Amino acid sequence: MALFLYGTATHTGKGFFTREDRLNFHLRGYPGDVWVIGNNEKGAYWLADRNGVEKTKVEAQAIVTAEVEAAQASWDALSDEDKAEHPGRPTDITLP
């Protein structure tokens, strides 16, 4: 059995996830509204309750990578002055 579920769900603000959710299952958000969720009944219910769409790890990684690459391209296009004001080029992310 896989350790995690992967999915997309639009973050709707306050109440989207709760402290109780975080105690019941692993939950971490990534760029592109990608969520890595503990693979248990409560985690699966949480994704379904938020109208989430389950993805394979490969699909989820592709979404995150595309978002990071777009952010990197935007940062690369900044002037040196703007880069000094916004230090830190976005780094690559590998999903667990």
Side-chain angles (χ1 to χ4, degrees):
M1 179 176 192
L3 188 58
F4 299 114
L5 295 173
Y6 301 88
T8 55
T10 302
H11 192 298
T12 56
K14 187 175 180 177
F16 182 70
F17 60 85
T18 65
R19 180 179 183 276
E20 185 176 343
D21 293 333
R22 301 291 297 261
L23 294 173
N24 287 328
F25 53 89
H26 174 87
L27 178 64
R28 183 157 183 205
Y30 291 90
D33 283 327
V34 170
W35 296 89
V36 176
I37 306 151
N39 189 5
N40 63 29
E41 184 178 343
K42 290 180 180 182
Y45 176 78
W46 179 89
L47 183 61
D49 190 51
R50 274 116 188 113
N51 297 317
V53 177
E54 192 168 340
K55 302 287 184 184
T56 66
K57 182 178 181 179
V58 171
E59 291 169 329
Q61 183 66 61
I63 293 166
V64 170
T65 298
E67 290 287 323
V68 169
E69 287 175 351
Q72 289 172 336
S74 292
W75 192 88
D76 291 343
L78 293 174
S79 68
D80 288 339
E81 258 181 23
D82 288 338
K83 285 179 183 176
E85 290 179 23
H86 301 92
R89 184 177 191 263
T91 58
D92 293 337
I93 297 172
T94 301
L95 297 179

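All residue numbers in this chain count up from 1 along the given sequence. All values below were derived from every heavy atom in this structure, side-chain atoms included, with hydrogens, water molecules and symmetry-related copies excluded. Since the structure is predicted, the reported quantities are computational estimates derived from the model, not experimental observations.
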All side chain to side chain contact (heavy atoms under 4.5 Å, CB included) counterparts of A44, not counting sequence neighbours: L5
Nearest non-hydrogen partners of V68 and P31, listed with the distance: CG2-CG, 4.4 Å
Connected via hydrophobic side-chain network under 4.5 Å: V36 and F25: no
Parallel, tilted or perpendicular, as decided by the 30° and 60° cut-offs, for the rings of F16 and W46: perpendicular
Side chain to side chain contact (heavy atoms under 4.5 Å, CB included) involving P87 - partner list, sequence neighbours excluded: none
Partner set under side chain to side chain contact (heavy atoms under 4.5 Å, CB included) for T56, not counting sequence neighbours: V58, E59
Pairing residues for R28 by the salt bridge (Lys or Arg N to Asp or Glu O under 4.0 Å) criterion, not counting sequence neighbours: none
Over all atoms of both residues, closest heavy-atom pair of Y30 and P96: OH-CD, 3.6 Å
Qualifying salt bridge (Lys or Arg N to Asp or Glu O under 4.0 Å) pairs, either residue in residues 67-86, two or more places apart: D76-R89
Y45: partners by side chain to side chain contact (heavy atoms under 4.5 Å, CB included), with sequence neighbours left out: D49
Partner set under ring-ring contact (aromatic ring centres under 6.0 Å, His included) for H26, not counting sequence neighbours: F4
Residue pairs fulfilling side-chain hydrogen bond (donor to acceptor under 3.5 Å, both in side chains) with at least one residue in residues 5-18, sequence neighbours excluded: T18-D21
Residue list, side-chain hydrogen bond (donor to acceptor under 3.5 Å, both in side chains) with T65, at least two apart or on another chain: Q61
